[in-house]
Number of protein chains: 2
Amino acid sequence: MARTAQDVTDAELAVLQLLWDRGRDTIRRLTDTLYPNGTGVHYATVQKLLERLEGKKYVKRNRNDWPHSFQPTVERADLIGHRLQMTADKLCAGSLAPLLTNLVKGSRLTAEERQSLRVLLDELDDEVSGKK
Amino acid sequence: MARTAQDVTDAELAVLQLLWDRGRDTIRRLTDTLYPNGTGVHYATVQKLLERLEGKKYVKRNRNDWPHSFQPTVERADLIGHRLQMTADKLCAGSLAPLLTNLVKGSRLTAEERQSLRVLLDELDDEVSGKK
DNA sequence: TCTAAATAAAGACGAAACGTCTTAATCACG
DNA sequence: CGTGATTAAGACGTTTCGTCTTTATTTAGA
């Protein structure tokens, strides 16, 4: 059984999170945040992580800027959705419904959370019935 | 940034899935299913995977039986819940609510699925209000 | 009881993953 | 131009994980 690499590794995710917060940034500024009082060596680490994120199409490099700036091409919600789908694929034969059930049953939802969830479901009903 | 091992690897999961389906089984029978027309060498692979699952407390070994039988100590729903929590920890600051929202918004839920979800929410309301 | 087959137990091995680091080429700016 | 920063490409070491080897132990059958 072949090993499968992660979509986004933890170190890569740390960089991506900053980009989500900031919209776009340079290697230098990202490095200073991730490694405060860090040596110059960490710059290359962040550089490599961004290079890999770019290769995997999670990040876009702006070569017009100098120094280059980087920005996410994928939103946080997209990655969440992807992770959820992976969990469904491996544990629920690809179906997402069991994940929903698990979350509703397992997590201690507040009354407010339950209510907003109902609102969300009602909106979906409306969309389907064409009322929009 | 230190690397973190997976909770259950893919090869381990293949074994665990069989145990979930069957309740309990021996190495020999699991091996025959996972590697039909496989050589004798695969027996040791399954053996090792079970040993690791046992070490991680996902599986219990019954040493009274001969040959030893193995059974899950964790249900599928438990692992699903754990994976969901991991996703929440890494992408939602630990909160599960965003996962709920993502699933409801993103997945094409059928009318039946939406309805059963509402029933689930109503049951939770009842529990909280003490009617049960 | 003795032997052969099956199982248990422990460990080793290699490829890949991944975080990190090194080195050399390229660029902007005074 | 030359100095410092940035880009570019790659190497390295540790850990992970699927697999395989070897040896000890147990059961079943003659």
Side-chain angles (χ1 to χ4, degrees), chain A residues 1-18 24-56 58-71 79 83 86 90, chain B residues 1-19 24-71 79 83 86 90:
Chain A
M1 175 159 302
R3 263 172 89 184
T4 57
Q6 292 185 304
D7 49 6
V8 176
T9 71
D10 288 347
E12 288 164 1
L13 184 57
V15 175
L16 191 52
Q17 303 262 25
L18 278 184
R24 94 172 20 198
D25 212 342
T26 66
I27 299 177
R28 171 63 54 203
R29 287 170 46 82
L30 293 168
T31 305
D32 289 345
T33 304
L34 288 171
Y35 303 89
N37 62 9
T39 85
V41 100
H42 296 118
Y43 179 95
T45 299
V46 176
Q47 185 184 27
K48 176 61 66 179
L49 293 173
L50 280 166
E51 177 187 319
R52 289 173 181 167
L53 282 170
E54 186 190 9
K56 291 190 271 192
Y58 283 94
V59 156
K60 176 181 184 325
R61 177 194 300 253
N62 300 100
R63 294 171 190 276
N64 303 330
D65 300 350
W66 187 273
H68 292 178
S69 73
F70 297 82
Q71 64 191 57
L79 185 55
R83 295 268 170 115
M86 289 193 59
K90 292 187 177 180
Chain B
M1 178 160 298
R3 219 153 29 125
T4 56
Q6 292 186 302
D7 48 6
V8 175
T9 71
D10 287 347
E12 287 164 3
L13 184 56
V15 176
L16 192 51
Q17 302 263 23
L18 278 185
L19 288 181
R24 93 170 26 195
D25 212 344
T26 66
I27 299 177
R28 171 63 53 202
R29 288 169 47 82
L30 293 168
T31 305
D32 289 346
T33 304
L34 289 171
Y35 303 90
N37 61 7
T39 84
V41 101
H42 297 119
Y43 179 94
T45 299
V46 176
Q47 185 184 30
K48 176 61 67 177
L49 293 173
L50 280 165
E51 177 187 318
R52 289 174 181 165
L53 282 169
E54 186 190 8
K56 291 190 269 192
K57 310 287 189 192
Y58 283 93
V59 157
K60 175 180 183 331
R61 178 194 298 254
N62 300 100
R63 294 171 191 276
N64 302 330
D65 298 351
W66 186 273
H68 292 178
S69 73
F70 296 82
Q71 63 191 53
L79 185 55
R83 295 269 170 113
M86 288 193 60
K90 292 187 176 178

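A, B, ... follow the sequence lines: proteins, then strands. Residue 1 opens every chain.
- R63(A) has a side-chain polar atom (N or O) that falls below the 4.0 Å cut-off from OP1 or OP2 of dA8(D).
- Taking all atoms of both residues into account, the shortest heavy-atom contact from L53(B) to E12(B) is CD1-O, 3.7 Å.
- One interatomic measurement links the two molecules: CG of D10(A) to C1' of dT15(D), which rounds to 14 Å at whole-angstrom precision.
- Here dT7(D) is the nucleotide among dA15(C), dT7(D), dT7(C) with the atom lying nearest to any side-chain atom of W66(A).
- When distances run from any side-chain atom of R28(B) to the nucleotides dT6(D), dT7(C), dA8(C), the shortest one goes to dT7(C).
- When each of dC20(D), dG18(D), dA11(D) is scored by its nearest atom to the side-chain atoms of V41(B), the top-ranked nucleotide is dC20(D).
- The nearest heavy atom of DNA chain D to P67(A) and to H42(B) marks one nucleotide each, and the one closer to the 5' end goes with P67(A).
- Separating the CD atom of E54(A) from the C1' atom of dA8(D) is a distance of 11 Å, rounded to the nearest angstrom.
- The side chain of H68(B) lies closest to dA9(C), out of dG18(D), dA8(D), dA9(C).
- Of all nucleotides listed (dT20(C), dA17(C), dA10(C)), dA17(C) comes nearest to the side chain of R3(A).
- Between R61(B) and the options E51(B), Q71(B), E54(B), a side chain to side chain donor-acceptor pair (under 3.5 Å) holds for only E54(B).
- Side-chain proximity of K48(B) to the nucleotides dC20(D), dT7(D), dC21(C) is greatest for dC20(D).
- Between Q6(B) and dC17(D), a side-chain N or O to OP1/OP2 separation shorter than 4.0 Å is present.
- Between L79(A) and Y58(A) the shortest side-chain heavy-atom distance falls below 4.5 Å.
- Side-chain proximity of Y43(B) to the nucleotides dT7(C), dA16(C), dT20(C) is greatest for dT7(C).
- Listed candidates were dT21(D), dA9(C), dT19(D). Nearest to the side chain of A44(B) is dT21(D).
- Relative to the side chain of I27(A), the nucleotides dT7(D), dC18(C), dA16(C) differ in distance, and dT7(D) lies closest.
- The nucleotide whose nearest atom lies closest to any side-chain atom of E51(A) is, among dC18(C), dT6(D), dA9(D), dA9(D).
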